Peer 1: 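This structure is in structure tokens; I'll ask about it shortly.
Computed from a predicted model, the values in this text were never measured in an experiment.
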Amino acid sequence: MDIRKEFPFLINNPETIYFDAAATSLKPQRVIDRVVHYYTHLSSNVFRADYDASIETSDLFEAVRHKTKEFLNVNTNEIIFTSGASESLNLVALGFASQILKEDDVILVNEAEHASNILPWFKIAEQTNSYVEYIPIHNGHLDLVALEDMMKQGVKIVSIAHVSNVLGIINDIKEIARIVHKYDAYIVVDGAQAIGHFPIDVKDLDVDFYAYSAHKMFGPTGVGVLYGKYENLEKMRPVQYGGGSNARFNNCGEISLKGIPERFESGTPNIEGVLGYGAAIDFVNEVGLEKLHEHEHELVVYLLEKLKKLDNIIIYNEFSEVGLVTFNVKGIFAQDVAAYLNTFKICVRSGSHCSKLMANMTDEENTVRLSLSIYNTKAEIDKFIDVIENITLEKTIDIYL
């Protein structure tokens with residue numbers, strides 16, 4: 001397989017270097033084709049009609065749930081389709097945590113978390129009079145000794161990213177889950193930056209919830225997954241009500257909900273997104289998760305070796321374990337660096353990366369993030385290095401004049 005030829009964006013934009021996979025990955029042709037096929041050949045709703053197109057669409061939709069089961073090594077009835085990791089994490093916080101938290105309980109996160117894995121906990125802590133506290137980090141990794149000490153202080157929920165979207169480290173989820181469960185607490189994992197980058201056996205990790213978005217693993221935007229252990233999903237209440245989630249209701253306001261997962265999937269779902277996500281799973285399985293991880297690792301090692309030789313670069317995560325490097329150019333604002341790179345058709349992310357508490361650890365609120373994927377090459381890194389080593393403040397000012 002010629003990987004780069006799988007991606008129409010690269011074919012249609014041959015001079016562009018796309019280094020922003022952590023924000024959203026490029027989409028292979030088969031994913032685009034699956035979405036288009038839905039609209040051109042099926043274009044019907046799911047689970048609501050008895051004609052051929054609807055029945056076929058419903059079967060294809062549920063087949064993706066089965067693919068997800070195999071992809072994660074979980075049970076089919078433990079998979080909820082959502083709009084993405086943000087909705088998934090909000091559902092856990094508002095639908096599950098609201099049922100188990102009581103006054104003075106503690107929710108643990110860390111300051112490197114994405115906003116989607118901090119703000120829902122702020123909200124539910126406010127509603128339940130519980131508290132959000134932060135697990136210390138050393139060299140990008142959670143301090144597990146400190147975690148165990150904190151678990152003794154009334155912690156009920158620990159919610160952390162499998163991979164940090166700024167630091168690029170892989171948290172030891174299996175060991176963290178062991179510690180959390182030792183104290184009869186629950187572990188929630190934001191898998192947005194991990195899914196599709198290396199093999200993940202959710203059952204082996206023994207987490208209570210695992211959330212991710214399809215668009216970061218070559219799938220469409222606006223669709224994601226929430227995995228939950230079935231016994232936890234039984235405790236969770238829907239946060240949205242509507243068609244598809246109820247078996248019946250009456251004019252007295254009595255509602256009989258469908259089973260799990262249907263009760264959590266009100267309304268018409270993102271059908272084309274789910275089908276496209278299924279095609280993304282096929283792509284990942286065909287390429288191989290080991291190959292994906294090895295390729296990203298080889299590239300990030302190469303990139304870091306090059307960056308370390310440049311006197312004008314500050315690197316914030318030399319310990320990165322995935323294809324993600326966060327840096328700044330000395331004396332130049334991060335957004336100006338990104339804008340300058342854009343004049344050479346090099347796409348990177350700049351800003352706080354939705355991790356606004358990171359400034360407490362790096363002393364910088366805004367940084368430049370370069371993130372890699374299977375379609376990137378060492379030649380692209382070489383071009384980036386040629387540009388970044390010659391950047392000056394005067395050159396970045398010139399682009400606005």
Side-chain angles (χ1 to χ4, degrees), residues 31 34 38 42 44-49 54-85 87-89 91-92 95-96 162 173 177 186-192 194-196 199-215 217-220 222-240 242-247 256-286 289:
V31 170
R34 192 70 58 86
Y38 165 73
L42 298 169
S44 53
N45 215 323
V46 288
F47 316 124
R48 287 163 171 79
S54 179
I55 293 168
E56 183 179 352
T57 304
S58 300
D59 290 344
L60 290 170
F61 186 90
E62 281 305 302
V64 178
R65 206 185 302 270
H66 183 76
K67 285 182 182 180
T68 304
K69 164 196 170 183
E70 301 296 328
F71 194 58
L72 299 179
N73 186 29
V74 297
N75 299 317
T76 307
N77 61 0
E78 296 175 317
I79 298 161
I80 300 167
F81 289 131
T82 67
S83 66
E87 183 185 354
S88 296
L89 292 165
L91 180 53
V92 177
F96 176 77
H162 200 157
I173 297 298
Y186 298 91
I187 177 169
V188 182
V189 179
D190 174 2
I195 198 72
I200 297 170
D201 185 330
V202 172
K203 192 164 289 186
D204 181 62
L205 295 177
D206 193 28
V207 298
D208 294 293
F209 295 95
Y210 197 95
Y212 62 89
S213 300
H215 74 95
M217 57 162 282
F218 313 110
V223 63
V225 168
L226 173 64
Y227 156 80
K229 287 182 178 177
Y230 193 80
E231 59 267 29
N232 295 332
L233 296 181
E234 288 184 307
K235 299 175 185 176
M236 190 165 73
R237 65 173 178 81
V239 296
Q240 297 182 92
S245 64
N246 70 89
S256 177
L257 293 174
K258 287 184 178 179
I260 299 168
E262 291 83 4
R263 67 177 57 178
F264 300 111
E265 296 179 353
S266 286
T268 296
N270 183 352
I271 301 168
E272 72 279 17
V274 170
L275 300 185
Y277 157 61
I281 293 178
D282 294 340
F283 174 77
V284 168
N285 286 337
E286 186 175 332
L289 282 161

Peer 1: Kindly compute the distance separating CD1 (Ile281) from CE (Met217), expressed to the nearest 0.5 Å.
Peer 2: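 Spacing of CD1 (Ile281) from CE (Met217) equals 5.0 Å.
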Peer 1: Kindly indicate whether the side chain of Thr68, heavy atoms from C-beta on, has any atom under 4.5 Å from the side chain of Val74.
Peer 2: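 A side-chain contact is absent here, since even the closest heavy-atom pair is not under 4.5 Å.
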Peer 1: Please tell me if the side chains of Ile79 and His66 come closer than 4.5 Å, counting only heavy atoms from C-beta onward.
Peer 2: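 Ile79 vs His66: side chains apart.
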Peer 1: For the residue pair Asp282 and Arg34, establish whether any side-chain heavy-atom pair is separated by less than 4.5 Å.
Peer 2: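 Yes, at least one pair of side-chain atoms sits under 4.5 Å.
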Peer 1: Closest approach of Ser88 and Val225, non-hydrogen atoms and distance?
Peer 2: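 Smallest interatomic distance, heavy atoms only, reads OG-O, 3.1 Å.
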Peer 1: Look up atom OG1 in Thr57 and atom CZ in Arg48, then write down how far apart they are to the nearest 0.5 Å.
Peer 2: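 Taking OG1 in Thr57 and CZ in Arg48, the distance rounds to 12.0 Å.
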Peer 1: Might you point out which heavy atoms bring Phe81 and Glu265 nearest each other, and give the distance in Å?
Peer 2: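 Closest pair (atom of Phe81, atom of Glu265, distance): N-OE2, 2.8 Å.
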Peer 1: Could you pull out the closest heavy-atom pair between Ile80 and Arg65, with the gap in Å?
Peer 2: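 Shortest heavy-atom contact: CA-NH1, 4.2 Å.
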Peer 1: Kindly say whether Asn45 contributes a backbone atom to a donor-acceptor pair with the side chain of Ser54 at under 3.5 angstrom?
Peer 2: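 Between the backbone of Asn45 and the side chain of Ser54 there is a qualifying donor-acceptor contact (under 3.5 Å).
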Peer 1: Looking at every heavy atom in both Pro220 and Gly273, which two are closest together, and how far apart are they?
Peer 2: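 Answer, listing the atom of Pro220 first, then Gly273: CG-O, 3.5 Å.
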Peer 1: For the residue pair Asn232 and Tyr186, what are the closest heavy atoms and their distance?
Peer 2: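 Taking every non-hydrogen atom into account, OD1-CE2, 3.4 Å.
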Peer 1: Of all residues at least two apart in sequence or in a different chain, which pass the side-chain hydrogen bond (donor to acceptor under 3.5 Å, both in side chains) check with Ser58?
Peer 2: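 Partners of Ser58 by the side-chain hydrogen bond (donor to acceptor under 3.5 Å, both in side chains) criterion come out as none, since no residue qualifies.
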Peer 1: In Å, rounded to the nearest 0.5 Å, how long is the span from OH of Tyr212 to CG of Asp190?
Peer 2: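 That separation rounds to 12.5 Å.
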Peer 1: Would you list the pairs meeting side chain to side chain donor-acceptor pair (under 3.5 Å) in which at least one residue belongs to residues 222-231, sequence neighbours left out?
Peer 2: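 Checked against side chain to side chain donor-acceptor pair (under 3.5 Å) - neighbours excluded - the pairs reaching residues 222-231 are Asp206-Lys229.
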Peer 1: Going by side-chain contact (heavy atoms from CB on, under 4.5 Å), name the residues that satisfy it together with Leu60, two or more places apart in sequence or in a different chain.
Peer 2: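 Listed in chain order: Leu42, Glu56, Leu275.
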Peer 1: With a 4.5 Å heavy-atom cut-off, do Val202 and Glu78 have their side chains touching?
Peer 2: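 Sidechains of Glu78 and Val202: no contact.
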Peer 1: Would you give the length of the straight line joining atom CD1 of Ile271 to atom OG of Ser44, rounded to the nearest 0.5 angstrom?
Peer 2: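 The distance works out to 7.0 Å.
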Peer 1: List the atom of Leu205, the atom of His162, and the distance in Å for their closest heavy-atom pair.
Peer 2: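 The pair with the smallest heavy-atom distance is CD1-CE1, 3.9 Å.
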Peer 1: Going by heavy atoms in the side chains, are Phe264 and Thr82 under 4.5 Å from each other?
Peer 2: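 Sidechains of Thr82 and Phe264: no contact.
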Peer 1: Using a 3.5 Å distance criterion without hydrogens, assess whether the side chain of Ser213 forms a donor-acceptor pair with backbone atoms of Ala85.
Peer 2: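 Between the backbone of Ala85 and the side chain of Ser213 there is a qualifying donor-acceptor contact (under 3.5 Å).
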Peer 1: Calculate, to the nearest 0.5 Å, the distance between atoms CG and CG belonging to Asn77 and Leu233 respectively.
Peer 2: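 Those atoms lie 8.0 Å apart.
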Peer 1: Give, for atom CG of Asp201 and atom CZ of Phe71, the distance between the pair rounded to the nearest 0.5 Å.
Peer 2: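 One gets 12.0 Å once the value is rounded to the nearest 0.5 Å.
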Peer 1: With a 3.5 Å distance limit and no angle check, can you tell me whether Asp208 reaches the backbone of Val188 through a side-chain donor-acceptor pair?
Peer 2: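 A pair under 3.5 Å: no.
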Peer 1: Looking at side-chain heavy atoms only, is the closest gap between Val274 and Tyr38 below 4.5 Å?
Peer 2: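 They are not in contact (no side-chain heavy atoms under 4.5 Å apart), so the answer is no.
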Peer 1: The test is side chain to side chain contact (heavy atoms under 4.5 Å, CB included); show your working for Leu91 and Phe209 and say whether it passes.
Peer 2: CA-CA 11 Å; Leu91 180 53; Phe209 295 95; over 6 Å; no
Peer 1: Just wondering, do Lys67 and Tyr277 contact through their side chains at under 4.5 Å, heavy atoms?
Peer 2: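 In short, these two side chains do not touch, never coming nearer than 4.5 Å.
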Peer 1: Mind checking whether Asn270 and Glu272 have side chains closer than 4.5 Å, heavy atoms only?
Peer 2: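 Touching, per the 4.5 Å side-chain cut-off.
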